Amino acid sequence: MRKSVALVHDLVSRLAPLDELGAAHRAAALAWLARTDDVFRRVKPATPPQHLVSYVVPVAADGRVLLVDHVNAGLWLPPGGHVEVDEDPALTAQREIREELGLGDAGLARSPSLLTVTRTRGPGRHTDVSLWYLLACTGDEPLHPDTGEFHAVRWWSRDDLAAADPGRFDPHFSRFLAALDRDLEAGR
């Protein structure tokens, strides 16, 4: 197994599944990582047809979360992006939050809170194996969004999220919020 893929395999194997779907995603991701080294996107949008992504969810001290209205996906998503060939997913998270929003990584968790396996929408459909990282911040940081990738950037309270159409978000976003609550209760 390629060294960079072994690193991801180890990272995924240490993730505690949140629920039955999380356990199924973890098992599928581990099997995928064990059978191929072709896990990094090489050609946009879908080569190989399944590849690694690092999401970063900025969470303010008051509990608000920052999401971006992604141009291509047509959804409110966490910032993030594809893991480059042989890149550590944590470094992807650092790079993406800097490139997409101009934020630093001082509050970035060293390990992901959640793993999801999701079929994308629209042209160039493919499967993203996503590692979700928490970025603890104040919520007052200046943002410098990449206007080529996002229609808008918004801080969402839990009440705002509860009132919104769930179809406008990543299908696993509510699961991330549950993982966030679990991690906060555990003091992580």
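Sequence positions, counted from 1, serve as the residue numbers for this chain. The model shown is predicted, which means the values in this text are computed figures rather than measured ones.
- Residues D105 and R95 are not paired through a salt bridge, judged by the lack of any N-O separation under 4.0 Å between the basic side chain and the carboxylate.
- Side-chain contact check for S130 versus L115: every heavy-atom pair is 4.5 Å or farther apart.
- When side chains are defined from C-beta on, T127 does not count as touching T120, because their heavy atoms never get closer than 4.5 Å.
- A distance below 6.0 Å separates the ring centres of H172 and H25.
- Under a 3.5 Å cut-off, the side chain of T116 and the backbone N or O of T118 do not form any donor-acceptor pair.
- L108 is not connected to V65 by any chain of hydrophobic side-chain contacts under 4.5 Å among Ile, Leu, Val, Met, Phe, Trp and Tyr, and they are in different clusters.
- Looking at H82 and R41, their side chains do bring a donor and an acceptor atom within 3.5 Å of each other.
- For R64 (side chain) and S157 (main-chain N/O), no donor-acceptor pair under 3.5 Å exists by modelled atom type.
- Taking every heavy atom of both residues into account, E99 and D146 meet most closely at O-CB, 4.3 Å.
- A continuous path of hydrophobic side-chain contacts links V39 to M1 [ILVMFWY only; heavy atoms under 4.5 Å].
- The closest side-chain heavy-atom distance from H144 to L101 is not below 4.5 Å.
- Classified by interplanar angle (parallel below 30°, tilted 30° to 60°, perpendicular above 60°), the ring pair W132/Y55 is perpendicular.
- In plain terms, the two heavy atoms of L103 and P58 that are nearest each other are CD1-CG, 4.3 Å.
- Using a 4.5 Å heavy-atom cutoff, the side chains of V57 and L180 are not in contact.
- Between the CG atom of D88 and the OG atom of S4 there is a distance of 9.5 Å, given to the nearest 0.5 Å.
- Panel note: side chain E84, backbone T92; no donor-acceptor pair is recorded below 3.5 Å.
- Here the side chain of Q94 pairs no donor or acceptor atom with the backbone of L91 at under 3.5 angstrom.
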Go through it in stages, so that I can follow the logic: the residues are F169 and W156, the test is ring pair (Phe, Tyr, Trp, His ring centres under 6.0 Å), and I'd like the CA-CA distance, side-chain angles, deciding distance and then a yes or no. CA-CA 12 Å; F169 299 89; W156 295 77; 5.1 Å; yes
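- If you take CZ on R110 and CG on L11, they are separated by 11.0 Å, rounding to the nearest 0.5 Å.
- Counting only heavy atoms from C-beta outward, the side chains of V8 and L33 approach each other to under 4.5 Å.
- Remark: R158 engages D181 in a salt bridge, criterion side-chain N to carboxylate O under 4.0 Å.
- The shortest side-chain heavy-atom distance between V59 and L135 does not fall under the 4.5 Å cut-off.
- The shortest distance between side-chain heavy atoms of P112 and L15 falls below 4.5 Å.
- With respect to R2 and D86, a salt bridge is recorded, a charged nitrogen being found less than 4.0 Å from a carboxylate O.
- Here the side chain of S54 pairs a donor or acceptor atom with the backbone of P89 at under 3.5 angstrom.
- For the pair R175 and D19, the salt-bridge criterion is met [side-chain N within less than 4.0 Å of a carboxylate O].
- The pair D128-R119 does not meet the salt-bridge criterion, since no charged nitrogen lies less than 4.0 angstrom from a carboxylate oxygen.
- Between the CZ atom in F176 and the CG atom in L134 there is a gap of 5.5 Å [rounded to 0.5 Å].
- Taking hydrophobic clusters as Ile, Leu, Val, Met, Phe, Trp and Tyr residues chained together by side-chain heavy-atom distances below 4.5 Å, V117 shares a cluster with V5.
- In the model, D183 has a side-chain atom that pairs as donor or acceptor with a side-chain atom of S113 under 3.5 Å.
- Shown here for A60 and G139, the closest heavy-atom pair between the two residues is CB-CA, 3.7 Å.
- A distance of 3.5 Å separates CH2 in W155 from SG in C137, rounded to the nearest 0.5 Å.
- G167 approaches L75 most closely through the heavy-atom pair O-CD2, 3.4 Å.
- Judged by distance alone, the side chain of H126 and the main-chain N or O of G124 form a donor-acceptor pair under 3.5 Å.
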Evaluate side-chain contact (heavy atoms from CB on, under 4.5 Å) for F150 paired with D69, printing each intermediate quantity in order. CA-CA 5 Å; F150 314 133; D69 187 3; 5.7 Å; no
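- For the residue pair A34 and H9, the shortest heavy atom distance occurs at N-CD2, 4.2 Å.
- Neither V71 nor F173 shares a network with the other; the hydrophobic side chains, linked directly or stepwise wherever heavy atoms of I, L, V, M, F, W or Y lie under 4.5 Å apart, form separate groups for each.
- Contact of the L67 side chain with the R154 side chain is not registered, since no non-hydrogen atoms from C-beta on lie closer than 4.5 Å.
- Placement of L52 and V56 within a single hydrophobic cluster is found when ILVMFWY residues are connected by side-chain heavy-atom separations under 4.5 Å, directly or transitively.
- Across V153 and P145, no two heavy atoms sit closer than the pair CG2-CB, 3.5 Å.
- Legend: salt bridge (Lys or Arg N to Asp or Glu O under 4.0 Å) pairs involving residues 21-40, not counting sequence neighbours, sorted by first then second residue: D38-R42.
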Given the rule in the side-chain contact (heavy atoms from CB on, under 4.5 Å) test, do H51 and F40 qualify, once you have shown the distances and angles that lead to the verdict? CA-CA 5 Å; H51 47 262; F40 305 102; 5.9 Å; no
